[in-house]
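No experiment lies behind these values; they were computed from the predicted model shown.
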Amino acid sequence: MFRQSEQNQSNMMMMTLRQEICTPDLAAKPVNAFKQIDGYHYTTSEYTLMQIIKDLFNGYKHPILVLHRKNREICFASHPSANVDNLLGQNFEQAITLVDYDVSGEPVAQFNNQWLEFEERPFIWEEEKYTLVVFKQRDEIPDEETLTSWRNMIAVMLHRFRSPLTGISGYVDMLSEHNKDAQQDKYFSLVNKGLDHLYDMMDELEILYTIDSDQTEDELTSFKAKKLFQSILLDYPTDVQERIDMSSIDFDMELHGNPASLKNIIELLIQNGLDHGPDHTVTISVPSEKLIQVTNPGPVIPESITENLFSPFVTDKANGLGIGLTLALLYAHQLGGTIFLSKNDAVEGITFSVCLPE
């Protein structure tokens with residue numbers, strides 16, 4: 001047991017360490033995590049550096065790592081829902097799947113099937129140099145709890161809306177059958193067209209509700225890029241095919257994944273690009289077997305949209321539900337991958353990058 005004075009001193013040192021390694025601007029300069037307070041340097045063995053870090057980040061939802069700065073070796077690893085002891089002693093760059101391509105403004109890594117941003121914070125402990133690596137959720141990606149809430153709400157909406165719509169549709173059909181006025185037939189046709197549009201939107205919502213976002217490893221396979229992209233083109237009429245540029249793709253490249261999920265992702269991103277303008281050309285490139293990029297010329301997506309880009313019902317179009325990118329993200333999760341808005345520029349256009357795991 002600590003004496004009371006030692007416990008008070010430990011609390012003071014905890015506050016000091018919190019201030020030193022938990023401030024956002026720490027990456028700009030290394031600092032000494034433990035300064036002397038009242039001439040006393042805290043060395044009580046029961047409170048090691050790792051224990052203090054664990055206490056500071058108690059309840060944090062994402063991984064925390066500490067590296068020896070000289071060799072980038074992991075000497076501490078913490079994750080709220082996974083055993084990470086196997087990471088200890090490994091080099092950070094070799095143990096974690098880092099994204100090598102320029103797909104995000106922040107450093108990104110795949111960690112335990114999650115794609116997370118991270119920041120590094122250098123500090124010094126008893127004259128030894130360390131780096132604290134703090135992973136965090138990408139701001140524009142809804143977390144699982146949020147997605148579950150949306151999907152539960154959608155389930156209720158679908159149940160409540162389908163029954164009255166079916167009744168309305170039945171009554172319209174009955175009235176139409178007994179109608180003798182050709183002019184009124186036009187009105188019935190417009191009503192049915194509106195009902196069909198509502199049914200189409202509900203079908204879209206049902207996909208969002210029923211799609212399984214878990215990885216489907218048993219359905220993963222290897223296939224040629226040519227087979228995938230030719231099947232995508234065939235889904236569009238000739239005039240739309242002319243607006244889809246695949247000229248830079250190496251069709252002999254071998255891809256790995258679930259072809260159906262990957263096709264759904266690319267078609268959703270293509271449609272997102274085509275919807276931006278009637279004359280836009282959407283360009284698809286495949287820099288590697290782990291990266292597929294879909295680019296359209298714009299216009300720039302406003303910040304009010306990008307902040308929640310992959311959340312459902314976020315759109316600037318009057319007739320859209322704003323669930324296309326959410327669906328694409330869920331399909332990407334099936335592959336163990338993710339999607340980034342890599343470029344959002346008036347000159348270079350809008351690029352979405354589909355990242356697939358190692």
Problem - Sole candidate of L325, V282, N264, I292 that passes side-chain contact (heavy atoms from CB on, under 4.5 Å) when paired with L269 - result: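 Only one option passes, and that is L325.
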
Judged by atom type as modelled, is there a donor-acceptor pair below 3.5 Å linking the side chain of [X] to the main-chain atoms of [Y]?
{"X": "N272", "Y": "L268", "answer": "no"}
{"X": "Q293", "Y": "S353", "answer": "no"}
{"X": "S285", "Y": "P287", "answer": "no"}
{"X": "S176", "Y": "D173", "answer": "no"}
{"X": "W115", "Y": "Q137", "answer": "no"}
{"X": "Q94", "Y": "Q90", "answer": "no"}
{"X": "N91", "Y": "N71", "answer": "yes"}

What is the distance from atom [atom1] of [X] to atom [atom2] of [Y], rounded to the nearest 0.5 Å?
{"X": "L67", "Y": "T131", "atom1": "CG", "atom2": "OG1", "value": "5.5 Å"}
{"X": "I265", "Y": "I270", "atom1": "CD1", "atom2": "CD1", "value": "12.0 Å"}
{"X": "E117", "Y": "K136", "atom1": "CD", "atom2": "NZ", "value": "5.5 Å"}
{"X": "L195", "Y": "L190", "atom1": "CG", "atom2": "CG", "value": "11.0 Å"}
{"X": "K224", "Y": "L255", "atom1": "NZ", "atom2": "CG", "value": "9.5 Å"}
{"X": "Q334", "Y": "L262", "atom1": "CD", "atom2": "CG", "value": "11.0 Å"}

With heavy-atom distances below 4.5 Å as the criterion, would you say the side chains of [X] and [Y] are in contact?
{"X": "C355", "Y": "F340", "result": "yes"}
{"X": "F123", "Y": "V66", "result": "yes"}
{"X": "I244", "Y": "T281", "result": "no"}
{"X": "D235", "Y": "K263", "result": "yes"}
{"X": "L291", "Y": "L356", "result": "no"}
{"X": "I350", "Y": "I301", "result": "yes"}
{"X": "I64", "Y": "F135", "result": "no"}
{"X": "F229", "Y": "V286", "result": "yes"}

Practice task
Before giving the answer on side-chain contact (heavy atoms from CB on, under 4.5 Å), spell out for Y199 and T166 the whole-Å C-alpha distance, their side-chain angles and the decisive distance to 0.1 Å.
Solution key: CA-CA 10 Å; Y199 277 121; T166 300; 3.6 Å; yes

Exercise for the section: Using a cut-off of 6.0 Å, state whether more than 12 heavy atoms not belonging to Y187 lie near its atom OH. Expected result: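 Incorrect, the count does not exceed 12.
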
Practice task
Spell out, yes or no, whether M153 and L158 are grouped together once hydrophobic residues are joined by side-chain heavy atoms under 4.5 Å, including indirect joins.
Solution key: yes

Exercise for the section: Report the C-alpha separation of R69 and I124 in whole Å, then their side-chain angles, then the decisive distance to 0.1 Å, and conclude whether the side-chain contact (heavy atoms from CB on, under 4.5 Å) test is met. Expected result: CA-CA 10 Å; R69 210 182 312 169; I124 298 171; 4.0 Å; yes

Exercise for the section: Would you check, one step at a time, whether the test salt bridge (Lys or Arg N to Asp or Glu O under 4.0 Å) holds for E120 with R72? Expected result: CA-CA 11 Å; E120 299 189 16; R72 306 277 290 175; 2.8 Å; yes

Practice task
Go through the steps to decide whether N258 and T221 satisfy the test side-chain contact (heavy atoms from CB on, under 4.5 Å), and finish with yes or no.
Solution key: CA-CA 6 Å; N258 181 328; T221 184; over 6 Å; no

Practice task
Indicate whether any N or O donor in one side chain lies under 3.5 Å from an N or O acceptor in the other, for T351 and T295.
Solution key: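 Indeed, the side chains of T351 and T295 share at least one donor-acceptor pair under 3.5 Å.
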
Practice task
Let me see the working for Y236 and L274 under side-chain contact (heavy atoms from CB on, under 4.5 Å), right down to the final yes or no.
Solution key: CA-CA 12 Å; Y236 296 94; L274 293 174; 4.3 Å; yes

Which atom names give the shortest non-hydrogen contact between [X] and [Y], and what distance separates them?
{"X": "E254", "Y": "E289", "answer": "O-CB, 3.4 Å"}
{"X": "I96", "Y": "A109", "answer": "CG2-CB, 3.4 Å"}
{"X": "A95", "Y": "I74", "answer": "CB-CD1, 4.1 Å"}
{"X": "H256", "Y": "S222", "answer": "ND1-OG, 3.1 Å"}

Handout entry: Given R138, H333, Q110, the one that forms side chain to side chain donor-acceptor pair (under 3.5 Å) with T338
Key =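 Among R138, H333, Q110, the one meeting side chain to side chain donor-acceptor pair (under 3.5 Å) with T338 is R138.
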
